[in-house]
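A short write-up of the structure that comes next.
First the proteins, then the strands, lettered A, B, ... as listed; each starts at 1. Treat the numbers as computed from the prediction; the structure is a model and nothing was measured.
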Amino acid sequence: MNKKILVVDDEPDILKVITFRLKKINCEIFTAIDGLDALKIAQEIKPDIILLDILLPNMDGREVCLNIKNNPELKNIPIIFMTASAISDTVRIMKECFADDYLIKPFEPEELFEKVKKYIG
Amino acid sequence: MRSSKFGNIQIFIILITAIYLAEFFVMILLKKLSLPISIENFIDGLILVILIYPLLYLLAFRPLMYEIKKCKGLEEALYTSNELDKYLLKTIPFGMDIVDQYGNIMFLNEKLEAIFGKEAIGKKCWMLYKDDKMQCVDCPLREEIKVGKTKTIEAKDVLGGKVFQINHTGMIYQGKKAILEVFQDITERKLVEEKMKEVVELKSEFTSIVSHELRTPLAAIKEGINLVIDGSAGPINKNQEEFLGIAKNNIDRLARLINDVLDFQKLEAGKIEFKMEENNINDIVRDIERQMVSLVSKKGLKLVVNLDNNIPRIKFDKDKITQVLSNLVNNAISFTEKGNITITSVCQGNNIVLGIRDTGIGIKKEDMPKLFQAFKQLISAKQRKIGGTGLGLAICKNIVEAHQGKIWVESEFGNGSVFYFTLPI
């Protein structure tokens, strides 16, 4: 069965290019453009990994992450923060929210594949 | 200055007079006792007086004179000190008062008296000065008064919303434990400080928002171009690949610039937390060597590493020092066309000194001061299209200085450069 990846970003352009890139690795891709949407989809489809932007409308990435990590059913889903913030801030937020990893925009395709593969094999 | 004129001659005259007076009294005594005033008795009396007097002089008279002299000295000192205190109290530009252990005012200087009048005496100091008429939370009177000890507090909402710095010194006044309070109006200083803090915060917030907003579209552009360049979106020809390559390189450059600006700004604002952990700096150099070796050999250069194996493990931020080293080595590679890049580590006194030597173009003497300043990229760098941001060395300097180290360069134009930095042991 194909792995399910949930990509969350409020920038449709970013969603489009990342989705296009990730299709290369035979997986099923779901997208969300705000925090509430992301949480809803996560509960519905139980993805194998979530790529999560931090600054999101309605519910920000931090809250989405904490919600997922506090949900016994979902807490094992690896979450990679995908943000344009500074590395030091991102690392801090990642630890505060118990996220698993981060990618700083703009990132290289190799970085993206490397991190995704690390968590879903 | 008054001085005592009680010399030795005077003491001698007094002594002789005293001896004769004593003899005179002996004679009267003999007469009163109806003893015969014979020459023997007179001589006996005289011998007795002569024997007793030196003893008396030594045991009583001299110590007495000494005490008198000392008292006179003290009196003079007190007089001088009182004069000084008087002028000091008058001239000092601060309000001053003395309060007893319950906070009751015992004394005010002229500056305070002009505001509150003499009737302030006996009132509690906080009833007089504080807008809310409440004793300060950190008032030193809440503890026991320690004579000679000074405690400084900042009190808000004093005399109508002002901020005062109050120095409290424990003392003895009129035989009681008391506190001398010196008031300094720091309202304006506090306002300026607050404004400065706001500006720094705003600048830092502004930079991080702008960086974030710049990086987001950059990420979409970069990934879009990447997808075309690597053929994911279909085949492209050589020319298309070349020009998209140029676009991609410049996106990377822009991303580096944004990272550097953000880094630099955070370092300047002291917003970066350093993870100080014990490490061996030689391990960091070896990591850099591994990372750089292919880049160096691609350019036909040689990377030489010369490490002092006896240097101790020290505390530093591994990521940040790696950033400094990698920056310096990258610079060395960029400015060197042939020869070697040499990294050395050595222990010197209380410091570990790291050196990055190259055989490149070197630096002109007049350019040296500009080197570590932000955005002062040298023309030589621009001509060579190095593509740096002009922030690398300023960031290095900030990081090294945050570790209490120093960074400097030794170079001769045309003959290569050596960048050094130290880390304290």
| query | How about B/Lys397: does its NZ atom have over 12 heavy atoms from other parts shown lying under 6.0 Å from it? | reply | no
| query | Could B/Glu273 and A/Arg92 be called an ion pair, given the rule that one side-chain N must be under 4.0 Å from one carboxylate O? | reply | no
| field | Region of A/Lys24 in contact with chain B, defined by heavy-atom distances below 4.5 Å | value | side chain
| Any chance NZ of A/Lys46 has more than 12 other-residue heavy atoms, nucleotides or ligands included, within less than 6.0 Å? | yes
| task | Please state whether the side chain, the backbone, both or neither of B/Asp319 comes within less than 4.5 Å of a heavy atom of chain A. | result | neither
| query | Measuring heavy-atom distances to chain A, does B/Lys275 have an atom under 4.5 Å in its side chain, in its backbone, in both, or in neither? | reply | neither
| Do other residues, nucleotides or ligands put more than 12 heavy atoms under 6.0 Å from the NZ atom of A/Lys16? | no
| task | For residues B/Ala255 and A/Pro106, report the shortest heavy-atom separation together with the two atoms involved. | result | CB-CG, 3.8 Å
| Between B/Leu262 and chain A, which part of the residue has a heavy atom less than 4.5 Å away: side chain, backbone, both or neither? | side chain
| task | Sort A/Ile87 into side chain, backbone, both or neither according to what part of it lies under 4.5 angstrom from a heavy atom of chain B. | result | neither
| How far apart are the closest heavy atoms of B/Ala220 and A/Val17, and which atoms are they? | O-CG1, 4.2 Å
| note | All heavy atoms of A/Pro109 vs all of B/Glu223, minimum pair found to be CD-OE1, 4.1 Å
| message | Nearest 0.5 angstrom please: A/Phe107 CZ to B/Asn226 CG, how far? | response | 10.5 Å
| What are the two closest non-hydrogen atoms of B/Arg215 and A/Ser85, and how far apart are they? | NH1-O, 3.5 Å
| said: Please evaluate residues A/Arg21 and B/Asp230 with respect to the criterion salt bridge (charged side-chain N to carboxylate O under 4.0 Å, His left out), reporting the C-alpha separation (whole Å), side-chain torsions for both, the decisive distance (0.1 Å), and the verdict. | reply: CA-CA 11 Å; A/Arg21 176 68 73 192; B/Asp230 64 18; 2.6 Å; yes
| said: Would you say that more than 12 heavy atoms from the other residues, nucleotides or ligands in this model lie under 6.0 Å from the CG of B/Asn350, or not? | reply: no
| chain B contacts, top residue of A/Asp13, A/Ile18, A/Asp89, A/Leu112 (heavy-atom pairs, under 4.5 Å) | A/Asp89
| Does atom CZ of B/Phe206 have more than 12 heavy-atom neighbours, drawn from other residues, nucleotides or ligands, at distances under 6.0 Å? | no
| said: Given heavy-atom pairs under 4.5 angstrom as the criterion, report whether the side chain, backbone, both or neither of A/Leu55 touches chain B. | reply: side chain
| task | Kindly check if the number of other-residue, nucleotide or ligand heavy atoms within 6.0 Å of NZ (B/Lys406) is above 12? | result | no
| query | Do other residues, nucleotides or ligands put more than 12 heavy atoms under 6.0 Å from B/Leu218 CG? | reply | yes
